[in-house]
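Before any comments, here is the structure.
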Amino acid sequence: MVGSTISAVEVSGERTLRRYPPGPTVFADRLLGRRIVASRRRGKYLWLPLDDGAALLAHLGMSGQLLMVDPDVPAGPHLRARVTFAGGGRELRFLDQRTFGGLAIDDALTADGVPDSIGHIAADPFEPVFDDERFSASLRRRRTGVKRALLDQGLVSGIGNIYADEALWRAKIHYARATDRMRPPEVARLLAAVREVMTAAIRAGGTSFDALYVSVNGESGWFDRALEVYGRAGKACSRCGTAIVRQAFMNRSSYLCPHEQVRPRHGRW
DNA sequence: CACTCAACCTGCCGGC
DNA sequence: TGCCGGCAGGTTGAGT
């Protein structure tokens, strides 16, 4: 869609624009006639810079989808917004079942092209501006458990519950490991594991447990078949054979190998 | 400032 | 069959 000019915008659903107070009418007016000049991301945020210096910003939440589809594809019950382009062809649709996702327009971007409204979101590990040393120092300054830190998008972005568990398993670190007790080599090992997991997942097209998790072309990823711990309670650890366990933590599930990821004596939750 | 927790939603699954 | 609790990949804003 880069290079295309927006010819129409429709929004349905109360919550779609809850992070955009001006509302659906202003939203549509603001986008009409604008040309999309790029597509970018930081962590779990996606945005489309426009030819007037603003950007259409999106977050998929838990169940959101951005799809490019033919206009004659029937609209399902979870269609929240539709953007059509001059010259016809495929249109951009935002679908969201659980409505944790949303759209917005940000009028101003920072010097590095990131929307002002997500200035609190840290760089993700694949951005050129990501600074490994700075990340290590910030992490070690925290007084918390390492999984909490990994999930904190203000420290490092892009890591969710699945990839946190997978990276910790690869690095053989327990989720409650105290960040302020970690030495730089251990942080480096963890960061390398994060990048390995995410590189493999991206190559596989992502983790699709069901039809909610698809690419912009509607295709499922197959990384769920490559998961080592997430969702595998009771199954054997592929390295040591010990049964993977599931534990409740932070109001969600953590999966780990209890033999290789030993709860630390001075752990932090 | 660092951190924790509840809240925001819908749908599916297993147990009774 | 229907009801109920539990659970799901995320972020925020108020509170400690």
Side-chain angles (χ1 to χ4, degrees), chain A residues 12-21 41-47 57-66 76-81 94-104 106 115-122 124 137-169 175-181 194 197-198 200-202 204-215 220-234 246-255 267-269:
Chain A
S12 56
E14 282 291 289
R15 289 173 49 76
T16 306
L17 297 180
R18 70 189 182 287
R19 308 269 173 232
Y20 188 69
R41 63 128 231 297
R42 163 163 283 187
K44 305 172 194 176
Y45 283 90
L46 313 161
W47 67 96
L57 180 63
H59 195 293
L60 303 182
M62 298 234 245
S63 57
Q65 305 178 335
L66 282 172
H78 305 305
L79 179 64
R80 309 294 178 197
F94 175 62
L95 288 64
D96 196 5
Q97 177 198 101
R98 293 180 61 195
T99 69
F100 280 39
L103 303 177
D106 201 315
D116 278 349
S117 57
I118 59 166
H120 61 293
I121 302 294
D124 69 58
S138 307
L139 181 91
R140 299 192 316 116
R141 223 177 293 124
R142 294 284 178 97
R143 293 171 55 83
T144 188
V146 66
K147 184 172 173 181
R148 269 186 205 288
L150 285 182
L151 294 177
D152 184 343
Q153 307 296 301
L155 183 65
V156 52
S157 67
I159 305 170
N161 199 37
I162 294 178
Y163 299 134
D165 279 4
E166 292 296 310
L168 288 168
W169 176 84
Y175 60 78
R177 175 94 169 110
T179 50
D180 52 326
R181 299 179 90 95
V194 165
V197 167
M198 296 180 88
I202 290 164
T207 303
S208 302
F209 291 128
D210 55 45
L212 288 179
Y213 304 98
V214 295
S215 74
S220 289
W222 49 263
F223 193 69
D224 58 311
R225 264 102 88 199
L227 295 174
E228 297 279 2
V229 284
Y230 192 88
R232 299 192 68 245
R246 171 187 173 277
Q247 291 176 13
F249 169 70
M250 283 177 77
N251 290 324
R252 58 217 310 185
S253 295
S254 283
Y255 296 89
R268 293 184 189 282
W269 268 243

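Chain letters run A, B, ... following the sequence lines, proteins first, then strands; residues in each count from 1.
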Exercise. Pairs counted as Watson-Crick or G-U wobble with both distances under 3.5 Å: what dot-bracket string results for DNA chain C, using | for bases tied to another strand?
Worked result: .|||||||.|||||||

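A:D152 comes within 4.0 angstrom of nothing in the nucleic acid, heavy atoms only. No engagement by A:Y163 is indicated, since no non-hydrogen atom pair under 4.0 Å with the nucleic acid exists. When heavy atoms are screened at a 4.0 angstrom cut-off, A:S63 is found touching no nucleic acid atom at all. Here A:R141 lies out of heavy-atom contact (under 4.0 Å) with every strand. Among the protein residues, A:R18 comes within range of no part of the nucleic acid, since none of its heavy atoms lies under 4.0 Å from any strand. Within the nucleic acid shown, A:Y45 comes within 4.0 Å of sugar-phosphate atoms alone, with no base atom in reach, counting heavy atoms only.
At least one donor-acceptor pair under 3.5 Å links the side chain of A:Y213 to the backbone N or O of A:M62.
When the nucleotides C:dT11, B:dG11, C:dT12 are ranked by their closest atom to the side chain of A:R252, C:dT11 comes out on top. If you check B:dC8, B:dT4, C:dA8 against the side chain of A:R148, the one that comes closest is B:dT4. Here C:dG10 is the nucleotide among C:dT12, C:dG10, C:dC7 with the atom lying nearest to any side-chain atom of A:M62. Across B:dC9, B:dC3, C:dC7, the shortest atom-to-atom separation from the side chain of A:T144 is found for B:dC3.
Ring orientation note: the planes of A:Y175 and A:F249 are tilted relative to one another, at an angle of 30° to 60°.
Spacing between atom CG of A:D210 and atom P of C:dC7 amounts to 18 Å, rounded to whole angstrom units. Here C:dG10 presents its P atom at 6 Å from CG of A:N161, a figure rounded to the nearest Å. The interatomic distance linking A:L95 (CG) with B:dT10 (C1') rounds to 14 Å, in whole Å. Regarding A:R42, its CZ atom lies at a distance of 18 Å from the P atom of C:dG10, rounded to whole Å.
Phosphate contact (OP1/OP2 of C:dT12, side-chain N/O of A:H120, threshold under 4.0 Å): present. Considering only side-chain N and O atoms, A:R19 lies nowhere under 4.0 angstrom from the phosphate OP1 or OP2 of B:dC8. Contact annotation: A:H78 side-chain N/O to B:dT10 OP1/OP2 distance is not under 4.0 Å. Contact between the side-chain N/O atoms of A:R142 and the OP1/OP2 oxygens of B:dC3 is found at a separation under 4.0 Å.
Note that CG of A:L60 and CG of A:L46 are 5.5 Å apart. Values are rounded to the nearest 0.5 Å.
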